[in-house]
Amino acid sequence: MPGDTPATKGERANLLACLEQQRNCIRLTAFGLTDAQVRAIPTVSPLSVGGIIKHVTNAERSWIDKVALLPPEPFDPSGYGDSFVMRPDETLQDLIDASIECGRYTEATIAGIADLSQDVPVPKDVPFFEKGLDAWEVRWVLIHLIEELARHAGHADIIREHIDGGTMHAIMATAENWPEEPWLEHWKPSGDQVIP
């Protein structure tokens with residue numbers, strides 16, 4: 001079915017394809033929206049589409065920095081909630097560009113890993129990481145990122161539906177030029193929205 005992760009061969013290729021599919025789905029929740037709409041917080045949750053795109057990009061980069069064995073940033077609990085906030089000086093295009101660049105960074109980093117069983121040290125100062133665990137495997141990190149992005153893709157889907165009623169398959173069909181089917185209508189812009 002269109003919209004599924006492309007079929008590929010091998011563990012590494014499949015993990016990266018699933019991760020890119022989730023990354024793309026989150027970006028598509030902003031398809032056709034204005035900067036004001038991606039900043040909108042239309043539910044009782046403090047989340048916005050733009051904030052989610054920003055958060056998952058930052059989270060992915062942080063995890064891949066760990067895989068690359070870069071020195072970790074100290075955990076700052078005061079700034080954790082701000083990772084979901086799209087600042088007034090940030091645009092949707094900024095967030096999309098950062099997401100695309102992060103995907104390239106992930107793929108390049110993983111391409112340089114000979115064995116997905118390689119250890120990724122667990123930072124000891126993060127309160128929600130498992131205590132007493134010294135390392136994850138690279139493959140665990142990739143599976144965790146797929147889980148993280150999929151969870152937030154669902155959040156972004158709900159927020160998008162509150163903004164204009166747009167649903168993922170209809171948006172994806174429009175963005176990717178799928179032929180209309182009896183079971184699928186394309187997303188149609190309203191008001192100041194446009195099809196990019």
Side-chain angles (χ1 to χ4, degrees), residues 16 19-68 70-110 123 125-129 141 144-168 170-172 174-176 187-196:
L16 289 172
L19 186 54
E20 173 56 26
Q21 175 73 358
Q22 293 306 316
R23 203 183 293 117
N24 185 51
C25 286
I26 289 178
R27 288 191 299 254
L28 281 174
T29 60
F31 179 82
L33 297 181
T34 65
D35 281 1
Q37 287 172 313
V38 294
R39 273 193 192 84
I41 300 171
T43 70
V44 296
S45 162
L47 299 176
S48 68
V49 168
I52 290 172
I53 294 169
K54 178 179 174 179
H55 171 77
V56 297
T57 300
N58 291 339
E60 181 177 345
R61 178 166 286 281
S62 175
W63 278 102
I64 299 303
D65 283 351
K66 291 172 184 56
V67 169
L70 297 179
E73 295 287 326
F75 178 71
D76 178 9
S78 66
Y80 184 69
D82 290 346
S83 74
F84 285 99
V85 176
M86 184 178 170
R87 296 185 320 262
D89 64 317
E90 293 174 314
T91 68
L92 173 58
Q93 193 59 56
D94 294 336
L95 301 179
I96 298 296
D97 291 346
S99 172
I100 291 168
E101 191 278 325
C102 183
R104 290 182 187 132
Y105 171 60
T106 295
E107 291 200 8
T109 302
I110 298 306
D125 66 336
V126 181
F128 42 80
F129 289 159
V141 171
H144 175 71
L145 282 171
I146 293 165
E147 171 195 30
E148 172 87 4
L149 270 68
R151 173 178 294 134
H152 289 309
H155 295 151
D157 285 344
I158 290 168
I159 294 167
R160 174 61 190 257
E161 284 190 54
H162 275 274
I163 292 170
D164 72 349
T167 59
M168 182 49 60
I171 293 166
M172 190 178 284
T174 305
E176 297 178 359
W187 168 80
K188 309 273 191 293
S190 61
D192 55 357
Q193 295 172 308
V194 296
I195 295 178

Distance (rounded to the nearest 0.5 Å) between [X] [atom1] and [Y] [atom2]:
X: I159; Y: T43; atom1: CD1; atom2: OG1; value: 5.5 Å
X: Q22; Y: I26; atom1: CD; atom2: CD1; value: 7.0 Å
X: C102; Y: D97; atom1: SG; atom2: CG; value: 12.5 Å
X: R27; Y: L92; atom1: CZ; atom2: CG; value: 11.0 Å
X: Q93; Y: D35; atom1: CD; atom2: CG; value: 9.0 Å
X: L19; Y: N24; atom1: CG; atom2: CG; value: 11.5 Å

**Item:** Residues that A156 engages under side-chain contact (heavy atoms from CB on, under 4.5 Å), provided they are two or more places apart
**Value:** T29, I52
**Asked** Quick one: side-chain contact (heavy atoms from CB on, under 4.5 Å) partners of S48, sequence neighbours excluded?
**Response** I41
Residues in side-chain hydrogen bond (donor to acceptor under 3.5 Å, both in side chains) with [X], at least two apart?
X: S45; answer: none
X: E161; answer: none
X: H155; answer: H152
X: D164; answer: R160, W187, Q193

**Request:** Would you list the pairs meeting salt bridge (charged side-chain N to carboxylate O under 4.0 Å, His left out) in which at least one residue belongs to residues 50-67, sequence neighbours left out?
**Result:** R23-E60, K54-E90, R61-E101
Apply salt bridge (charged side-chain N to carboxylate O under 4.0 Å, His left out) to [X] and list each qualifying residue two or more places apart in sequence or on a separate chain.
X: R39; result: none
X: D125; result: none
X: E147; result: R151

**Request:** Would you sort out whether L95 and T57 count as a side-chain contact (heavy atoms from CB on, under 4.5 Å), showing the intermediate values?
**Result:** CA-CA 8 Å; L95 301 179; T57 300; over 6 Å; no
If you look at every heavy atom in [X] and [Y], which pair is closest and at what distance?
X: G50; Y: M86; value: CA-SD, 3.8 Å
X: C25; Y: M172; value: SG-CE, 3.7 Å
X: A59; Y: L145; value: O-CD2, 4.4 Å
X: I171; Y: L28; value: CG2-O, 3.3 Å

**Request:** Report the residues that fulfil ring pair (Phe, Tyr, Trp, His ring centres under 6.0 Å) with H162, sequence neighbours left out, ordered by chain and then residue number.
**Result:** none
**Item:** Partner set under ring pair (Phe, Tyr, Trp, His ring centres under 6.0 Å) for F129, not counting sequence neighbours
**Value:** W63, W136
**Request:** May I ask you to decide if N58's main-chain N or O and S62's side chain share a donor-acceptor pair within less than 3.5 Å?
**Result:** no
